[in-house]
Amino acid sequence: MTFIPELPDPALESRLLEGLNPQQREAVVYRGEALLIVAGAGSGKTSVLTRRIAHLIETRDAWPSQILAITFTNKAAAEMRERVETLIGQAAEGMWISTFHSACVRILRREAETFGYTKSFTIYDSADSRALIKRIIKDLDADTFGFTVSKVAGRISKAKNELQDVESYSRDANFADPAEAVFVEMFRRYSSELTRANAFDFDDLIAQTVYLFRAFPKVAALYQRRFRHVLVDEYQDTNHAQYSLIRELTRLPKPEHLKGAVGFDGMPLKEYDTPLGPASLTVVGDSDQSIYAFRGADIRNIVEFERDFPNSKVILLEQNYRSTQNILSAANSVIANNFDRKDKKLFTTIGDGEKIVGFTGYSQHDEAQFIADEVAELRESGIDYREMAVFYRTNAQTRALEDVFIRSALPYRVIGGTKFYERAEIKDAMAYLIAVANPADPLALRRIMNVPKRGIGPATEAALQNHADKDGRSLREALREAGRLGLGPKVTAAIEGLATILDEVGTTVDTAAPADILAALLERTGFLEVLRASRDPQDEARAENVEELLAVTREFRRNNPTGTLLDFLTEVSLVAAADELDDSSGTVSLMTLHTAKGLEFEAVFLTGVEEGLLPHQMSAGEPGGPAEERRLFYVGITRARRRLYLSLAMTRAQFGDVTVAMPSRYLQEIPTELIDWRQSPGMANSRGGTEPRALNARRGGFGAERSIAGHSLGGPGGYAIESGGPGATARARAAARAAERPKTEWTSRVTSTVRDNGDLTLAVGDRIRHVDFGEGKVTAVTGVGPKSVAEVQFDTAGRKRLLIKISPIEKLA
DNA sequence: TTGAGTAGCATTTTT
DNA sequence: TGCTACTCAA
């Protein structure tokens, strides 16, 4: 039979390739079993990926429903979908574009009944997992073996990422070691508690999907038949479980496993539906941007791709369309220090651009003040706030930055960090929803049992739990039978009241809108009422947060008119930090370097470039730690389009007391001529004297990676050796120098003083005195009431923005 | 059982 | 510094 394909529209096809360089072009049009696109930072990979998908559809090589594209965040997924739709219009419907986790939830919900779960399973986020682990540690007195919640959570997570379950883990376990025996027991309990609660944790979502596919080839075959083109972004950050999932999906299904099967449209499959070859796989990644090894990401997945897929093709994208040459040169020279990598050099035709700006503050407040001043200046030069970002290594660093940003009245937003959904009151409200959606979940129930206060304390809870355990029933069922426990009449009534509310509201879960369910729960339990009546001033804010949650549920329904409570809970569980980014908001974004991956900004401030912070102390003991930290630094640098700032502080307050910080070794890996030091470490160090070359003069003093490499001798299970290398002596010397100095030298130039000025009003031309900046003249006043902002030209400290209400200032006569 | 008060401890990065 | 976990009185 002759098959005459419908010819693709040549105009459209050329539009898909328009503006692409030859390598990008090939990445779009290549057809074959396996394709690896090695995409350097800013090399236009998203564009290539979206056009490749559009091209597959446009050339009739694939139906939209045959495409599965995996991204790192939901935001990236949404963006990709949008871009594909813009390229080819409506036809994009039916594609699966999502994160690993969302895709797996979708599969698991559909297939839950096949392997002993119900489709109303809940997803435990890390806080939930930790709460459970904490209880298990307590039960088993495992802390006597030195187990902490994070250690146990880490080990369990690692095992799951390696696709180990309790059985396979204990097969290799050394039971002669009592600590290991205890760990296995904890692992066992953790797993069985999850199963009993009809819940999956993050790692389960992937691992259980792989188990499902392996144990039920007929189920797997359905998906193998459906997805003919699998595309994976950020491949360098995939772990073993995710890798296995991809392998399962791209296997050729056996015809007998498809026999009699029913397709996704509910129609029986036909003979010719059996595919002739495995699905084609496209992965995109850059091993220089692998920063998730701590989470089990295995860089070998990308490095050994060609060996894994013998018929594969590799395409390199090295031209950068994002950054200036100065920024790229800095990035190239830093990453070149990682041995064991394929040499790759980013280049651009944009031109050199501005130099990188360096600044050394006396304290983290000083550093933050510099950033705030620069942000204000950049804004004046026409760069929008939303085009600026501040990066840091640890979340704790936000404090000083937020402090100064607030006082300077600069609009900012912290991405990630203490998230909305991690607030206690939100977790409580969510626990109500979970308890209603998944009655088998005792964790949620326990959380809300006494919120708001009902007089159900630990003793009562234990009694209920006992009753439940006695005849193998759930905690929820025990609640209904509280009358038989011989508790006080008050408590009994409270318990029964709660049970009634949950049961009655529970009848509506499949039909009612999430907002209505939440409203009913809040109303009937008096949750909001109690918060509002409280004397604690913070409770007012908590009540507002809960109302915000209510608004979120309404918003959800607006976007998903048929979305059930379960859909809402799923969506909430899987939001990533980067998903919070709102492109339309005119605020500066503050985020960790990890969150920054995949994003780009016109101006980037990379803060805390200090030894011990970047690279982080904790990384020194881990194999490959310093190299991964360097990649993190590299990722940060390459986010910037035009302006890059590197800053550090001489001293940093850590839990109350102040420690002396040394410039990061990575700073020396950047050619000096690329950095314009507004205040170099040397200048900051030597009583204001000008010594811009001081950083280089100390070469070797604190930059020696040799000291770190030596640590690998410790071997597995070894403890991190107290550093005795050159780095340590330099640190000690610096500390000694600091101690000799009069204290005032080291106190920060910018304090965190806040004052309530009531309704002090300032006018242009007023002279003021500021605690930190000295005297100055008001040059502008904007805003009204408590939000009014003064712009002040200080005599020596330069120009600053000040939120009048809280600044430590006084008006001079 | 609750709430106030205090002692002790902790910070790496996250789907 | 800021939070949690524990103790003790009501």
#### Entry: Distance, rounded to the nearest Å, where I291(A) contributes CD1 and dT12(B) contributes P
17 Å
### Message
Please pick, from dT14(B), dT1(B), dT11(B), the nucleotide with the shortest atom-to-atom distance to any side-chain atom of T592(A).
### Response
dT14(B)
### Query
So among V451(A), T525(A), L531(A), which one has a side-chain contact (heavy atoms from CB on, under 4.5 Å) with D428(A)?
V451(A)
### Summary
From CG of L108(A) across to P of dT15(B) the rounded distance in Å is 19 Å
### Message
Is T73(A) close enough to dT15(B) that one of its side-chain N or O atoms is under 4.0 Å from OP1 or OP2 there?
### Response
no
#### Entry: N/O donor-acceptor pair, side chain H101(A) with base dT15(B), under 3.5 angstrom
yes
### Query
For F294(A) and dT13(B), is the gap between ring centres under 5.5 Å while the planes differ by less than 30°?
yes
#### Entry: Rounded distance in Å - CZ (F633(A)) to P (dT12(B))
21 Å
### Query
Of the nucleotides dT14(B), dT1(B), dT13(B), which one has an atom closest to the side chain of R295(A)?
dT14(B)
#### Entry: Which residue lies more 5' along DNA chain B, comparing P458(A) with F72(A) via nearest heavy atoms
P458(A)
### Task
Please find out if less than 6.0 Å separates the ring center of Y223(A) from that of F213(A).
yes
### Task
Give the rounded distance in Å between these two atoms: CG of D403(A) and C1' of dT1(C).
12 Å
### Query
The side chain of N395(A) lies closest to which of these nucleotides: dC6(C), dT13(B), dT1(B)?
dT13(B)
### Message
With a 4.0 Å cutoff (strictly under), does any side-chain N or O of T595(A) reach OP1 or OP2 of dT14(B)?
### Response
yes
### E402(A) CD to dG2(C) P, straight-line distance once rounded to whole Å
13 Å
### Summary
Separation of dT11(B) atom P from R393(A) atom CZ, nearest Å, is 14 Å
### Query
Without hydrogens or angle criteria, can the side chains of E234(A) and Q236(A) be said to hold a donor-acceptor pair below 3.5 Å?
yes
### Task
Pick base, sugar-phosphate or nothing for T460(A), based on heavy-atom distances below 4.0 Å to the nucleic acid.
sugar-phosphate
### Message
For Q465(A), I'd like to know if atom CD has over 12 heavy atoms of other residues, nucleotides or ligands within 6.0 Å.
### Response
yes
### Query
Quick one: which of dT14(B), dT12(B), dT1(B) gets closest to the side chain of H616(A)?
dT12(B)
### Task
With heavy atoms under 4.0 Å as the rule, sort A653(A) into base, sugar-phosphate or nothing.
nothing
Polar-atom pairs under 3.5 Å, protein N or O versus N or O of nucleotides 3-9 of chain B: list them with distances, or write none.
none

### Task
In whole angstrom, give me the gap between the C1' atoms of dT4(C) and dT13(B).
23 Å
### Task
Look at the side chain of Y292(A) and decide which nucleotide, out of dC6(C), dT1(B), dT14(B), has an atom nearest to it.
dT14(B)
#### Entry: Centroid separation F72(A) to Y235(A) less than 6.0 Å
no
#### Entry: Nearest-nucleotide pick for K134(A), side chain only, options being dA5(C), dG2(C), dT11(B)
dA5(C)
### Message
Tell me whether S244(A) contacts the main-chain N or O of H240(A) through its side chain, where contact means a donor paired with an acceptor under 3.5 Å.
### Response
yes
## Note on the structure
5'-most contact on DNA chain B (nearest-nucleotide basis), A396(A) vs S573(A), goes to A396(A)
### Query
Just by distance, do the side chain of N161(A) and the backbone of S157(A) share a donor-acceptor pair under 3.5 Å?
yes
### Query
Tell me: CD of E422(A) to C1' of dT14(B), nearest whole Å?
10 Å
#### Entry: Any N450(A) side-chain nitrogen or oxygen under 4.0 Å from OP1 or OP2 of dT1(B)
no
### Task
Looking at every strand, decide which applies to D203(A) at a 4.0 Å heavy-atom threshold: base, sugar-phosphate, or nothing.
nothing
### Message
Whole angstroms only, please: what is the CD-P distance between Q208(A) and dT15(B)?
### Response
21 Å
### Query
Would a distance-only check, ignoring hydrogens and angles, find a side-chain to backbone donor-acceptor pair under 3.5 Å from Y412(A) to L401(A)?
no
### Message
Any donor-acceptor pair under 3.5 Å linking the side-chain atoms of Y243(A) with those of R247(A)?
### Response
yes
